[in-house]
Amino acid sequence: MAGRFERKKTSNGQYMFNLRAGNGEIVLTSQRYASRSGELNGIRSVKANARADKNYERRRARNGKHCFVLLAKNRRVIAHSQLYTTTRSMENGIKACKRDAPGAKLD
């Protein structure tokens with residue numbers, strides 16, 4: 001199964017999206033956008049930047065779990081990952097993004 005972008009309107013009227021990998025798991029969550037067009041630009045940016053490893057910044061959350069962010073060409077955060085218990089599972093999340101984001105469909 002291919003990856004897909006789920007688009008949502010938040011309770012305060014903003015827009016956001018999740019990228020679900022081919023197995024259905026959420027691997028990326030976007031920032032909040034004031035408009036649908038901003039959200040679509042964010043999705044385009046994920047598709048354009050997901051393949052290059054240099055666009056991923058690996059991090060540790062305050063609770064010690066692993067996570068990553070996907071950066072745009074201007075080095076601003078486009079989206080962030082879920083929390084992972086191991087480095088290996090985080091790296092698998094990055095692999096899923098690289099594989100699924102470029103061709104992911106919109107829900």
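Just the heavy atoms: all of them, side chains too, but no hydrogens, waters or symmetry mates, feed the values below. Just so you know, residue 1 is the first one in the sequence shown, and it goes up from there.
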In this structure, are over 12 heavy atoms from other groups packed under 6.0 Å from R76 atom CZ? no
Do the non-hydrogen side-chain atoms of T87 and R58 ever get within less than 4.5 Å of each other? no
Rounded distance (nearest 0.5 Å) linking atom CD of E91 with atom CZ of R88: 11.0 Å
Verify side chain to side chain contact (heavy atoms under 4.5 Å, CB included) between V77 and E57, making sure each step is shown before the conclusion. CA-CA 9 Å; V77 174; E57 189 173 280; 5.9 Å; no
Can F5 and D107 be said to form a side chain to side chain contact (heavy atoms under 4.5 Å, CB included), step by step? CA-CA 6 Å; F5 288 99; D107 269 357; over 6 Å; no
Listing request: all salt bridge (Lys or Arg N to Asp or Glu O under 4.0 Å) pairs with a residue in residues 13-38, at least two apart in sequence or in separate chains. E6-R20, R36-E39
Determine which pairs satisfy salt bridge (Lys or Arg N to Asp or Glu O under 4.0 Å) with at least one residue from residues 63-73, sequence neighbours left out, and list them in order. none
Taking every non-hydrogen atom, the tightest pair across C97 and L19: SG-CD2, 4.2 Å
Could you walk me through whether K54 and L71 satisfy the side chain to side chain contact (heavy atoms under 4.5 Å, CB included) test, starting with their C-alpha distance in whole Å, then the side-chain angles of each, then the deciding distance to 0.1 Å, before giving a yes or no? CA-CA 9 Å; K54 68 179 182 178; L71 304 171; over 6 Å; no
Between G38 and S35, what is the shortest heavy-atom contact and its length? N-OG, 3.0 Å
Just how far is it from atom CG of L28 to atom CD1 of I43, taken to the nearest 0.5 Å? 11.5 Å
Approximate separation, where rounding is to 0.5 Å, of S45 OG and N74 CG: 7.5 Å
Would Y33 end up clustered with V69 when hydrophobic side chains under 4.5 Å apart are linked, directly or stepwise? no
Please report the closest heavy-atom contact between N63 and L83, naming both atoms and the distance. ND2-CD1, 3.8 Å
Tell me every residue that passes side chain to side chain contact (heavy atoms under 4.5 Å, CB included) with T29, counting only those two or more places apart in sequence or in another chain. M16, N18, I26, H80, Q82
Compare all side-chain heavy atoms of Q31 with those of I78 and state whether any distance is below 4.5 angstrom. no
Whether the side chain of S30 engages the backbone of F17 through a donor-acceptor N/O pair (distance < 3.5 Å, no angle test) should be reported. yes
Check the angle between the aromatic planes of Y84 and F68 and answer parallel, tilted or perpendicular using the 30° and 60° thresholds. parallel
Would you name the heavy atoms of P102 and A50 that are closest together and state the gap between them? CD-CB, 4.3 Å
If only atom types and distance count, is the side chain of D100 paired as donor or acceptor with the main-chain N or O of A21 below 3.5 Å? no
